[in-house]
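Written below as structure tokens is the structure these notes are about.
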Amino acid sequence: MTHYLVTGSAGFIGFHTCQRLLERGASVTGLDNLNDYYDVSLKEARLEQLSGSEKFSFHRTHLEDRPALEQIFQNQSFDVVIHLAAQAGVRYSLENPAAYIDSNLVGFGNILEGCRHGNVQHLVYASSSSVYGANKKIPFSVEDNVDHPISLYAATKKANELMAHTYSHLFQLPTTGLRFFTVYGPWGRPDMALFKFTKAIIAGEPIDVYNHGKMRRDFTYIDDIVEGVLRTADHVPVPKDDRAPYAIYNIGNNQPVELMQMIALLEQALGTTAEKRMLPMQPGDVPETYADIDALAKDVGFRPVTPLAEGIEKFVAWYREFYHC
């Protein structure tokens with residue numbers, strides 16, 4: 001039986017990933033610090049869904065706590081590490097940069113060391129579409145230059161890719177980085193646009209529409225993201241032509257949608273019209289994201305399939321049930 005360590009197991013993507021692994025019959029150890037970046041009760045509710053499985057165990061600790069991480073890797077043997085824990089959010093990185101340095105840089109270094117000394121067979125980790133910065137070339141390809149991030153969050157994710165490559169090269173640790181594109185769906189993050197818009201519209205409050213609505217996002221449904229995570233976890237990169245066992249993939253819907261179209265679909269799902277407060281672009285944000293997923297399709301045989309309208313309907317149904325509204 002394969003034993004997985006999933007960091008960020010109380011988080012949005014981590015929770016869904018753990019669920020799918022447990023459904024496959026895998027043994028899963030979760031790790032999360034349950035910080036208060038957003039509603040801790042939502043994280044606890046996700047964990048409660050997982051705790052019913054005998055094959056799930058959990059550690060509450062910080063990534064930057066090196067002794068704690070070393071102890072976990074020493075006490076347990078992991079075949080695969082799926083590292084999804086991080087301090088998330090572009091805008092928050094302007095307010096609290098230390099959180100990103102601690103979790104995303106120091107913490108990632110601790111994960112790499114744990115994998116190296118724990119003889120982990122494959123490290124899969126979350127990168128982000130934010131690494132593309134203000135890239136004008138559309139769609140974003142993993143072959144594009146990403147040396148000019150425009151937020152500290154993006155810079156830490158680019159740093160993670162460089163750190164992983166170094167460990168792959170020096171220690172032959174197979175690593176795969178996944179650049180996620182605007183993930184949404186049930187049990188989602190309250191700081192994401194779809195969640196915030198839904199909450200505001202139901203409460204009869206206006207929604208903040210940045211860049212006056214002139215934004216396009218490659219919205220990717222959570223089930224598609226998890227399918228991509230698991231397929232890449234099963235697809236261990238091998239060294240070719242003396243190169244490191246290292247890979248990077250985009251996971252996006254490959255169909256960018258206008259922000260105003262997303263709002264219209266949400267209004268339709270909620271059966272009401274939103275009051276819109278048009279605002280300028282926020283620092284660190286970008287007008288468009290669009291994933292080139294040819295490498296993902298070629299290597300692991302997967303392309304996201306969920307239409308945005310279907311995904312929004314599923315999110316709204318979950319939101320109304322979870323919050324009883």
Just checking, any donor-acceptor pair under 3.5 angstrom between side chains of [X] and [Y]?
{"X": "Tyr92", "Y": "Asn96", "answer": "yes"}
{"X": "Tyr37", "Y": "Asp191", "answer": "yes"}
{"X": "Glu267", "Y": "Thr273", "answer": "no"}
{"X": "Tyr167", "Y": "Glu113", "answer": "yes"}
{"X": "Tyr249", "Y": "Asp299", "answer": "yes"}
{"X": "Thr175", "Y": "Ser168", "answer": "yes"}

Kindly compute the distance separating [atom1] ([X]) from [atom2] ([Y]), expressed to the nearest 0.5 Å.
{"X": "Asn135", "Y": "Asp147", "atom1": "CG", "atom2": "CG", "answer": "11.0 Å"}
{"X": "Cys18", "Y": "Arg46", "atom1": "SG", "atom2": "CZ", "answer": "11.5 Å"}
{"X": "Gln121", "Y": "Asp79", "atom1": "CD", "atom2": "CG", "answer": "4.5 Å"}
{"X": "Leu42", "Y": "Phe322", "atom1": "CG", "atom2": "CZ", "answer": "5.0 Å"}
{"X": "Arg66", "Y": "Gln71", "atom1": "CZ", "atom2": "CD", "answer": "14.5 Å"}
{"X": "Lys55", "Y": "Glu23", "atom1": "NZ", "atom2": "CD", "answer": "12.0 Å"}

Side-chain contact, heavy-atom cut-off 4.5 Å: [X] with [Y]?
{"X": "Leu5", "Y": "Phe73", "value": "yes"}
{"X": "Phe58", "Y": "Leu47", "value": "yes"}
{"X": "Ser130", "Y": "Val90", "value": "yes"}
{"X": "Pro245", "Y": "Val238", "value": "no"}
{"X": "Leu279", "Y": "Val209", "value": "no"}
{"X": "Gln74", "Y": "Glu70", "value": "yes"}
{"X": "Gln255", "Y": "Pro304", "value": "no"}
{"X": "Gln19", "Y": "Leu22", "value": "no"}

Closer than 3.5 angstrom, by distance alone: can the side chain of [X] be matched with the main-chain N or O of [Y] as a donor-acceptor pair?
{"X": "Asn160", "Y": "Asn104", "value": "yes"}
{"X": "Asp292", "Y": "Pro139", "value": "no"}
{"X": "Thr232", "Y": "Val229", "value": "yes"}
{"X": "His3", "Y": "Ser77", "value": "yes"}
{"X": "Tyr246", "Y": "His165", "value": "no"}
{"X": "Arg231", "Y": "Gly301", "value": "yes"}
{"X": "Lys43", "Y": "Asn35", "value": "yes"}
{"X": "Asp218", "Y": "Phe181", "value": "no"}
{"X": "Lys196", "Y": "Leu194", "value": "no"}
{"X": "Ser128", "Y": "Arg179", "value": "no"}

> So among Arg217, Lys137, Arg216, which one has a salt bridge (charged side-chain N to carboxylate O under 4.0 Å, His left out) with Glu288?
Replying inline: Arg216
Taking every non-hydrogen atom, the tightest pair across [X] and [Y]:
{"X": "Gly89", "Y": "Tyr100", "result": "O-OH, 2.6 Å"}
{"X": "Pro206", "Y": "Ala200", "result": "O-CB, 3.8 Å"}
{"X": "Leu50", "Y": "Ser9", "result": "CD1-O, 3.8 Å"}
{"X": "Gln76", "Y": "Thr29", "result": "NE2-OG1, 3.1 Å"}
{"X": "Leu230", "Y": "Ile82", "result": "CD2-CD1, 4.5 Å"}
{"X": "Asp32", "Y": "Ala10", "result": "OD2-N, 3.0 Å"}

>> So if I apply the side chain to side chain donor-acceptor pair (under 3.5 Å) rule between Asn33 and each of His62, Glu64, Arg60, which one comes out positive?
In response: His62
>> Under the side chain to side chain donor-acceptor pair (under 3.5 Å) test against Tyr132, which residue among Thr289, Asp144, Asn250 passes?
In response: Asn250
>> Walk me through whether Tyr210 and Leu259 qualify under side chain to side chain contact (heavy atoms under 4.5 Å, CB included).
In response: CA-CA 9 Å; Tyr210 293 107; Leu259 179 59; 5.9 Å; no
Within a radius of less than 6.0 Å around [atom1] of [X], do more than 12 heavy atoms belonging to other residues, nucleotides or ligands occur?
{"X": "Lys214", "atom1": "NZ", "answer": "no"}
{"X": "His148", "atom1": "NE2", "answer": "no"}
{"X": "Asp36", "atom1": "CG", "answer": "no"}
{"X": "Lys276", "atom1": "NZ", "answer": "yes"}
{"X": "Gln268", "atom1": "CD", "answer": "no"}

> Under the salt bridge (Lys or Arg N to Asp or Glu O under 4.0 Å) test, which residues partner Glu313, sequence neighbours left out?
Replying inline: none
> Just one of Val80, Val226, Thr2, Val28 clears the side-chain contact (heavy atoms from CB on, under 4.5 Å) bar with Leu21, so which one?
Replying inline: Val28
Do NZ/NE/NH1/NH2 and the carboxylate oxygens of [X] and [Y] come within less than 4.0 Å?
{"X": "Glu205", "Y": "Lys199", "value": "no"}
{"X": "Lys157", "Y": "Glu161", "value": "no"}
{"X": "Arg303", "Y": "Asp294", "value": "yes"}

> Only one of Tyr319, Phe315, Tyr221, Trp318 clears ring-ring contact (aromatic ring centres under 6.0 Å, His included) with Tyr184; which?
Replying inline: Tyr221
Once you measure the plane-to-plane angle for [X] and [Y], does it fall in the parallel (<30°), tilted (30-60°) or perpendicular (>60°) bin?
{"X": "Tyr323", "Y": "Phe195", "answer": "perpendicular"}
{"X": "His83", "Y": "Phe108", "answer": "tilted"}
{"X": "His16", "Y": "Phe12", "answer": "perpendicular"}

> Would Thr220 and Asn254 count as a side chain to side chain contact (heavy atoms under 4.5 Å, CB included) if you check the C-alpha gap in whole Å, the side-chain angles of each, and the deciding distance to 0.1 Å?
Replying inline: CA-CA 9 Å; Thr220 314; Asn254 194 228; over 6 Å; no
>> Here's one to test your reading of the geometry: is the NZ or CZ of Arg91 within 45 degrees of the ring axis of Tyr153 and under 6.0 Å from its centre?
In response: no
> Taking it one step at a time, do Ile201 and Leu266 satisfy side chain to side chain contact (heavy atoms under 4.5 Å, CB included)?
Replying inline: CA-CA 9 Å; Ile201 293 170; Leu266 178 58; 3.9 Å; yes
